Amino acid sequence: MRYWLMKTEPDVFSWEQFAEKGKASWDGVRNYQARNFMRDDFKVGDKVLFYHSSCPVPGIAGIATVSREAYPDPTALDVSSEYFDPASQKSGASRWVMVDLVPDRAFYPVASLAEIREIPELSSMLLLKTGQRLSIQPVTEREFQFITTRW
DNA sequence: GCCAACGTTGGC
DNA sequence: GCCAACGTTGGC
């Protein structure tokens with residue numbers, strides 16, 4: 001089993017919406033490295049840290065579980081979608097994929113980025129690396145265990 | 001709103 | 001293939 005961190009802007013899709021819906025299809029990823037993680041490495045049962053970015057208190061809002069492995073992201077072919085991708089339309093097939101998640105539990109309060117920064121055991125998390133903007137990142141088992149024990 | 005640190009695009 | 005210009009991310 002592997003562990004991941006996935007970023008979302010709560011203005012677009014929040015933990016609260018996720019929990020209420022009971023499921024999420026992670027569409028809209030338009031970065032090759034992030035896509036490749038989903039396509040090649042995500043397995044059913046993998047655990048995900050659900051991260052809120054670009055908001056008043058950036059941080060991990062809860063934990064989720066991968067419930068379906070990578071399949072084509074249809075928003076790439078939908079001209080009315082903000083995630084529409086002309087190159088996918090041209091080739092006739094979506095070059096982007098998504099996975100499905102189900103919520104596990106929420107963190108109350110969120111594990112804020114500021115708090116995470118202060119914890120020596122978490123100092124090597126990719127999240128804290130300058131310039132690291134990947135929206136999907138691998139997390140080590142130790143990091144995951146530390147966070148879910150603390151929060 | 002600022003801006004550092006990227007990734008992508010496209011002319012050559 | 002190079003690389004300048006441009007666009008995006010995301011904390012602050």
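Remember, predicted model here, so these are calculated numbers, not experimental data.
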Donor-acceptor contacts under 3.5 Å from residues 50-66 of chain A side chains, at least two apart:
| from | atom 1 | to | atom 2 | distance (Å) |
| --- | --- | --- | --- | --- |
| A/H52 | NE2 | A/W15 | N | 3.0 |
| A/T65 | OG1 | A/K47 | NZ | 2.8 |

Q) In chain order, what residues pass the ring-ring contact (aromatic ring centres under 6.0 Å, His included) check against A/F13, with sequence neighbours excluded? A) none
Using the 3.5 Å cut-off, write out each protein N or O paired with an N or O of nucleotides 4-8 of chain C and the distance between them.
| from | atom 1 | to | atom 2 | distance (Å) |
| --- | --- | --- | --- | --- |
| C/dT8 | O2 | A/R133 | NH1 | 2.7 |

Q | Contact residues, residues 75-90 of chain A to DNA chain B [heavy atom, < 4.0 Å] | A | none
**Q.** A/F84: ring-ring contact (aromatic ring centres under 6.0 Å, His included) partners, not counting sequence neighbours
**A.** none
Q.
I need the CD1-P distance between A/I136 and C/dT9, as an integer number of Å.
A. 13 Å
Q) Between C/dG11 and A/Y51, is there an OP1 or OP2 to side-chain N/O distance shorter than 4.0 Å? A) yes
Q. C/dG10 C1' sits how many Å from A/Q137 CD, rounded?
A. 12 Å
Q) Who are the ring-ring contact (aromatic ring centres under 6.0 Å, His included) partners of A/W4, not counting sequence neighbours? A) A/F37, A/F42
Q) Of the non-hydrogen atoms in A/M98 and A/W26, which two are nearest, and what is the gap between them? A) CB-O, 3.1 Å
Q) To the nearest Å, how far apart are A/K129 NZ and C/dG10 C1'? A) 17 Å
Q: Calculate the interatomic distance between A/L113 atom CG and C/dT9 atom P; express it in whole Å.
A: 18 Å
Show me the donor-acceptor pairs within less than 3.5 Å that the side chains of residues 117-132 of chain A make with the rest of the protein, sequence neighbours left out.
| from | atom 1 | to | atom 2 | distance (Å) |
| --- | --- | --- | --- | --- |
| A/S123 | OG | A/P120 | O | 2.9 |
| A/Q132 | OE1 | A/L134 | N | 3.1 |

Q. ring-ring contact (aromatic ring centres under 6.0 Å, His included) with A/Y83: which residues, sequence neighbours excluded?
A. none
(Q) With the threshold set at under 4.0 Å for non-hydrogen atoms, list the residues of residues 116-124 of chain A touching DNA chain B in residue-number order. (A) none
Q.
With side chain to side chain contact (heavy atoms under 4.5 Å, CB included) as the criterion, how do A/Y32 and A/R95 come out once you've worked through the C-alpha distance, each side chain's angles and the decisive distance to 0.1 Å?
A. CA-CA 10 Å; A/Y32 285 111; A/R95 59 175 169 165; 2.4 Å; yes
Q.
Measuring to OP1 and OP2 of C/dT9, would you say a side-chain N or O of A/K7 lies under 4.0 angstrom away?
A. no
**Q.** Qualifying residues under salt bridge (Lys or Arg N to Asp or Glu O under 4.0 Å), relative to A/R133, sequence neighbours excluded
**A.** none
(Q) Expressed as a whole number of angstroms, how long is the span from A/L128:CG to C/dG11:P? (A) 11 Å
(Q) Can you pull out every side chain to side chain donor-acceptor pair (under 3.5 Å) where at least one residue sits in residues 142-151 of chain A? Sequence neighbours excluded, please. (A) A/T140-A/E143
Which atom pairs, one a donor and one an acceptor, fall under 3.5 Å between side chains of residues 70-80 of chain A and the rest of the protein, sequence neighbours left out?
| from | atom 1 | to | atom 2 | distance (Å) |
| --- | --- | --- | --- | --- |
| A/Y71 | OH | A/S25 | OG | 3.3 |
| A/Y71 | OH | A/D100 | OD1 | 2.6 |
| A/Y71 | OH | A/D100 | OD2 | 3.2 |
| A/D73 | OD1 | A/T75 | N | 2.9 |
| A/D73 | OD1 | A/T75 | OG1 | 2.7 |
| A/D73 | OD2 | A/G28 | N | 2.8 |
| A/D73 | OD2 | A/R30 | NH1 | 3.0 |
| A/D73 | OD2 | A/R30 | NH2 | 3.3 |
| A/D73 | OD2 | A/T75 | OG1 | 3.2 |
| A/T75 | OG1 | A/R30 | NH2 | 2.9 |
| A/D78 | OD1 | A/S80 | N | 2.9 |
| A/D78 | OD1 | A/S80 | OG | 2.7 |
| A/D78 | OD2 | A/S80 | OG | 3.3 |

